[in-house]
Protein chains: 2
Amino acid sequence: MPKPGAPLSRERVLRAAVAIADAGGIGGLTMRSLADALGVKPMSLYHHVANKDEILDGIVDVVFSRMELPTPGGDWRHEMVKRANSARAVLRRHPWAIGLLESRTAPGPATLRHHDATIGTLRRAGFPLALTAHVHALLDSYVYGFAVQEAALPFSGPDSVTEVTEDILEHLSPDDYPHLVEIATGHVLRPGYDFADEFEFGLGVVLDAVAGLLADVSPGS
Amino acid sequence: MPKPGAPLSRERVLRAAVAIADAGGIGGLTMRSLADALGVKPMSLYHHVANKDEILDGIVDVVFSRMELPTPGGDWRHEMVKRANSARAVLRRHPWAIGLLESRTAPGPATLRHHDATIGTLRRAGFPLALTAHVHALLDSYVYGFAVQEAALPFSGPDSVTEVTEDILEHLSPDDYPHLVEIATGHVLRPGYDFADEFEFGLGVVLDAVAGLLADVSPGS
DNA sequence: TGACAGGCTCGTACTTAGTACGGTACCGTC
DNA sequence: GACGGTACCGTACTAAGTACGAGCCTGTCA
């Protein structure tokens with residue numbers, strides 16, 4: 001879809017890169033496919049980004065920019081739920097971003113802003129400094145790890161679960177993996193099952209525990 | 001390091017692939033570098049694996065095979081701690097595996113065995129089926145997500161923390177990111193800080209919460 | 001024992017990817 | 001109307017995945 005009218009820019013390049021990765025995975029994102037999508041030749045891209053690595057750093061930051069920020073000063077639990085749900089939804093739309101997180105150590109401004117807002121919200125709610133760091137690491141671990149698992153699922157929504165799970169079960173011997181088979185037949189194949197529901201559950205458990213930690217430290221709130 | 005003596009095999013290929021990825025990241029793992037390491041020409045590899053994708057699937061399973069399995073029948077909390085610590089340690093040694101988890105949907109036998117043992121341990125300890133699924137998703141999320149964060153750290157151990165953090169702080173304006181700066185100066189730069197310690201903390205919080213869930217369900221234990 | 005078959009290895013070459021190098025067209029300024 | 005900078009492009013080099021077919025080694029059966 002070449003758009004000859006608009007001039008190229010770093011923003012346009014990154015936006016197009018995100019769109020390509022969404023459509024065909026990170027593997028589909030090449031300097032040539034990106035140039036094609038922008039109606040341009042590959043080498044033109046290098047006037048707006050230094051190299052492909054910078055594009056990868058850039059699109060990770062674009063992904064962070066699409067997550068809703070928590071608001072320091074609001075009810076901390078509500079803000080953390082809002083942030084976690086938004087982050088998970090965004091990572092689900094851009095699953096390739098999770099793999100990039102691991103290899104990128106140069107966070108962009110949106111990434112920094114995101115973490116700053118999260119930490120700020122906890123601090124404002126009365127979490128002591130060290131506990132804030134602990135809780136931040138804990139919540140981020142949960143969100144990222146859930147996204148990893150969700151991306152690795154062979155099915156992508158509640159619709160295809162039954163079909164895919166039955167296919168997998170045919171290749172899983174109950175002798176070799178009795179408990180996996182039990183979970184698949186007795187839990188996953190139940191009507192109404194949706195892995196996404198696990199997110200709310202786990203998040204609630206974690207936040208309850210965190211609330212307990214806060215209460216121990218500042219009994220007055 | 002060519003080893004002309006031993007014959008090629010799928011196992012040897014995968015082991016060498018893991019070693020190369022450990023040394024130079026996933027980017028350093030090419031059919032040519034792999035062949036070189038085995039003292040062989042690239043095309044010889046294709047008699048033991050179908051293609052590079054199968055190698056990637058294979059090394060993920062190798063990584064899982066190196067994690068300590070929980071023992072069904074043992075004290076569930078102790079087994080979960082053992083498994084989580086082992087999994088995190090392994091993922092820290094092979095950080096490239098985290099990125100692969102997201103793109104691989106064909107789990108190998110070691111991966112299946114790992115999950116089966118984990119689920120089995122929870123079931124044997126009295127966790128009902130649905131709660132087992134919830135808890136399994138929760139614990140795996142925490143472990144994977146922590147590994148993601150650990151891999152994305154700009155420093156790799158407690159030794160380089162101070163130096164690297166000070167470098168970063170020079171580029172972080174306290175006006176733009178006040179809470180990040182506060183955490184960095186007031187927590188990270190404290191002597192004795194080690195991000196790895198966050199793991200134990202968060203794991204304890206999660207397991208305490210899980211123990212509460214189990215107690216609610218089977219008050220008799 | 002000699003011929004054959006099957007499997008392992010390799011040489012060559014094709015395709016796709018990232019990107020260095022230099023050219024060109026357009027634009028505003030003096 | 002000459003000049004310089006910016007954005008874009010054509011070409012080409014290198015690295016990587018892998019298809020194709022040829023050589024070699026080994027074990028088997030006549």
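Numbered from 1 within each chain, the chains take letters A, B, ... in sequence-line order.
- For the pair B:M31 CE and C:dG11 P, the computed distance is 16 Å after rounding to whole Å.
- In this structure, A:H47 places its NE2 atom 14 Å from P of D:dG5, rounding to the nearest Å.
- Contact check on B:D140 versus B:R83 returns a salt bridge, with a Lys/Arg side-chain nitrogen under 4.0 Å from an Asp/Glu carboxylate oxygen.
- One interatomic measurement links the two molecules: CG of B:L45 to C1' of D:dA16, which rounds to 13 Å at whole-angstrom precision.
- Atom pair B:K52:NZ and D:dA15:C1' shows a separation of 11 Å (rounding to whole Å applied).
- Heavy-atom distances to DNA chain D give each of A:R32 and B:Y46 a nearest nucleotide, and the one nearer the 5′ end belongs to A:R32.
- Side-chain N/O atoms of A:T30 and A:S33 include a donor and acceptor closer than 3.5 Å.
- Listed by residue number, the members of residues 97-106 of chain A with any heavy atom below 4.0 angstrom from DNA chain D form an empty set.
- Between the CG atom of A:L38 and the P atom of D:dA7 there is a distance of 15 Å, given to the nearest Å.
- Counting to the nearest Å, the P atom of D:dT18 and the CG atom of B:N51 are 5 Å from each other.
- An OP1 or OP2 oxygen of D:dA7 is reached within less than 4.0 angstrom by no side-chain nitrogen or oxygen of A:S44.
- Residues B:Y142 and B:L203 come closest through the heavy atom pair OH-N, 3.4 Å.
- When the side-chain nitrogen and oxygen atoms of A:K41 are compared with OP1 and OP2 of D:dC8, none of them lie within a distance under 4.0 Å.
- Side chains of A:R12 and A:H48: a donor-acceptor N/O pair is absent below 3.5 angstrom, by distance only.
- As rounded to whole Å, 14 Å separates atom P of D:dA16 from atom CD1 of B:I55.
- Relative ring orientation between B:Y193 and B:H187 is described as perpendicular, the plane-to-plane angle rising above 60° on a 0-90° scale split at 30° and 60°.
- Screening A:E68, A:E150, A:E198 for a salt bridge (charged side-chain N to carboxylate O under 4.0 Å, His left out) involving A:R88 leaves a single residue, A:E150.
- Checking D:dT18, C:dA17, D:dG10 against the side-chain heavy atoms of A:M43 singles out D:dG10 as nearest.
- The interatomic distance linking B:L34 (CG) with D:dA16 (C1') rounds to 13 Å, in whole Å.
- Using a 4.0 Å cut-off between charged nitrogen and carboxylate oxygen, A:R104 and A:D53 count as a salt-bridge pair.
- Taking side-chain N and O atoms only, A:H48 has a distance below 4.0 Å to OP1 or OP2 of D:dC8.
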